[in-house]
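Down below is the structure, laid out as structure tokens.
Small disclaimer: the values here were computed from a predicted structure and weren't measured. Residues: numbered from 1 along the sequence shown.
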Amino acid sequence: MGRHRTPCPAEFRAHVVELVKAGRMPEEFARELEPTAQTIINWVVQADRARVRECVAPHLELAYLVTQSPQLLFV
């Protein structure tokens with residue numbers, strides 16, 4: 001089985017993600033810090049997906065309300 005590590009603090013993860021988005025390579029962090037390059041890449045992907053969900057969620061809720069209650073449009 002693989003090794004289990006304690007999760008990194010959310011603030012640390014967010015900081016690393018921002019630095020990667022600013023141009024640093026995940027491999028640099030893997031040499032300097034504990035997480036592997038693949039772990040850091042996963043953090044970046046998760047952060048991107050979370051941002052998309054935050055942007056899309058209000059639109060999905062509105063679309064759901066419109067389909068469930070079309071009479072609300074004519075109030």
Side-chain angles (χ1 to χ4, degrees):
M1 278 180 50
R3 298 185 330 190
H4 292 286
R5 297 181 182 166
T6 56
C8 294
E11 298 84 17
F12 174 77
R13 290 174 64 164
H15 182 67
V16 170
V17 167
E18 291 305 316
L19 290 173
V20 169
K21 288 182 176 259
R24 299 264 322 255
M25 298 298 293
E27 292 79 10
E28 292 177 49
F29 289 109
R31 285 190 294 269
E32 299 170 11
L33 306 170
E34 183 70 21
T36 65
Q38 185 59 53
T39 297
I40 295 168
I41 291 167
N42 293 346
W43 293 351
V44 173
V45 170
Q46 289 171 356
D48 288 343
R49 288 180 180 161
R51 270 194 208 108
V52 168
R53 280 194 301 272
E54 289 172 5
C55 293
V56 171
H59 301 290
L60 290 176
E61 183 177 358
L62 179 60
Y64 173 77
L65 290 173
V66 167
T67 60
Q68 295 302 312
S69 304
Q71 66 272 14
L72 290 176
L73 293 175
F74 302 106
V75 173

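Linking ILVMFWY residues whenever their side-chain heavy atoms come closer than 4.5 Å, directly or via other members, leaves V45 and I40 in distinct clusters. A single hydrophobic cluster is not seen to contain both I41 and V16; linkage of ILVMFWY side chains at heavy-atom distances under 4.5 Å, directly or through other members, places them apart.
Of all non-hydrogen atoms in V17 and V44, the two that sit nearest each other are CG2-N, 4.0 Å. For the residue pair A30 and A37, the shortest heavy atom distance occurs at CB-N, 3.4 Å.
Note that CG of D48 and NZ of K21 are 3.5 Å apart. Values are rounded to the nearest 0.5 Å. To the nearest 0.5 angstrom, L33 atom CG is 10.5 Å from E28 atom CD.
For the pair W43/V20, no side-chain contact is recorded, criterion being any heavy-atom separation below 4.5 Å from C-beta on.
Donor-acceptor pairing under 3.5 Å is lacking for the side chains of Q46 and N42.
Looking at residues two or more places apart in sequence or on another chain, you find no side chain to side chain donor-acceptor pair (under 3.5 Å) involving E27.
Listed by first then second residue, pairs satisfying salt bridge (Lys or Arg N to Asp or Glu O under 4.0 Å) with a partner in residues 10-19 read E18-R51, not counting sequence neighbours.
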